[in-house]
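Reviewing the structure listed below.
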Amino acid sequence: LGRIELEPCGVLELEVVDGAGAAVTGFEVFVDGRSLYPHEVRAIGEGWFQAPRLPLGPVVIEVHAEGYPAAREELTFHAGGPVRHTFVLR
C-alpha cells in the first residue's frame, strides 16, 4: 500500500461570550471569509469548541451570532498544538 502524507494544519479552540462573560450559542465561525460548516466546529466541553484543519500561518477568524456585531481577530497557527482564544461579542 502507498503512504498518505497529511499536511500539517492548525487547530482553534474557541470560547464565545458576551460582554458580561456569559456563553453565546448559535454562533458561526468564518476563516479568511469562508464559513466553517457546523460539523467542522465541535464542542469539547465547558463552553469551549474546536475548529480543526485550519491553514498554518496568520488567519483572520470572524465569529458571528444573531444580535451581536461580529468579533474579528487575526490569529497565527502553527503545527503541533491548538490556539486557544476567547471571542467577546459586545
Side-chain angles (χ1 to χ4, degrees):
L1 295 177
R3 278 180 47 171
I4 296 175
E5 295 287 331
L6 299 177
E7 286 190 32
C9 59
V11 175
L12 172 62
E13 292 182 355
L14 69 149
E15 174 186 48
V16 181
V17 299
D18 65 15
V24 174
T25 59
F27 58 84
E28 187 173 6
V29 178
F30 290 81
V31 176
D32 284 340
R34 181 184 75 85
S35 175
L36 294 181
Y37 296 106
H39 68 273
E40 294 181 275
V41 178
R42 64 184 182 90
I44 57 174
E46 296 184 27
W48 285 87
F49 295 83
Q50 187 179 73
R53 298 183 309 274
L54 300 180
L56 298 180
V59 176
V60 174
I61 305 290
E62 288 187 29
V63 176
H64 297 245
E66 189 173 329
Y68 298 94
R72 185 176 196 262
E73 298 282 343
E74 183 176 292
L75 303 174
T76 301
F77 295 93
H78 305 278
V83 171
R84 286 182 71 103
H85 190 79
T86 298
F87 289 87
V88 181
L89 304 180
R90 300 182 192 275

query = Is there a side-chain contact between Leu54 and Cys9 (heavy atoms, below 4.5 Å)?
reply = no
key: Residue Glu46 excluded, over 12 heavy atoms near CD under 6.0 Å   = no
Hphob cluster co-occupancy, Leu36 + Tyr68, side-chain heavy atoms under 4.5 angstrom = yes
remark   = Tightest non-hydrogen contact, residues Val11 and Pro52, listed as CG2-CA, 4.3 Å
query = Can you tell me how far CD of Glu13 sits from NE2 of His85, rounded to the nearest 0.5 angstrom?
reply = 13.0 Å
query = Can you name the closest pair of heavy atoms from Val63 and Leu14 and give their distance?
reply = CG2-CD1, 4.2 Å
task = Determine whether Val17 and Leu12 fall in the same hydrophobic cluster, where Ile, Leu, Val, Met, Phe, Trp and Tyr are linked whenever their side-chain heavy atoms lie under 4.5 Å apart.
result = no
remark   = When every non-hydrogen atom of Arg84 is compared with those of Trp48, the smallest separation belongs to NH2-CE2, 2.9 Å
Joint cluster assignment, Val59 & Phe30, ILVMFWY side-chain distance < 4.5 Å = no
Side chain to side chain, Phe87 and Val29, heavy atoms closer than 4.5 Å = no
message = Please determine whether the number of non-hydrogen atoms from other residues, nucleotides or ligands lying under 6.0 Å from atom CZ of Arg72 exceeds 12.
response = no
inquiry  = Show the nearest heavy-atom pair for residues Glu40 and Ser35, with the distance to one decimal.
reply    = OE1-O, 4.4 Å
inquiry  = Minimum heavy-atom separation for Ala65 and Val24, please, with both atom names.
reply    = CB-CG1, 3.8 Å
task = Go through the structure and list residues passing side chain to side chain donor-acceptor pair (under 3.5 Å) with Glu73, not counting sequence neighbours.
result = none
inquiry  = Is it the case that the side chain of Asp32 and the backbone of Val60 share a donor-acceptor pair, with hydrogens and angles ignored and the cut-off at 3.5 Å?
reply    = yes
remark   = Here the pair of heavy atoms bringing Val41 nearest to Ala51 is CG2-CB, 4.2 Å
inquiry  = In the structure I gave you, are the side-chain heavy atoms of Ile61 and Val31 within less than 4.5 Å of one another anywhere?
reply    = yes
key: Set of residues satisfying ring-ring contact (aromatic ring centres under 6.0 Å, His included) with respect to Phe49, sequence neighbours excluded   = Phe27
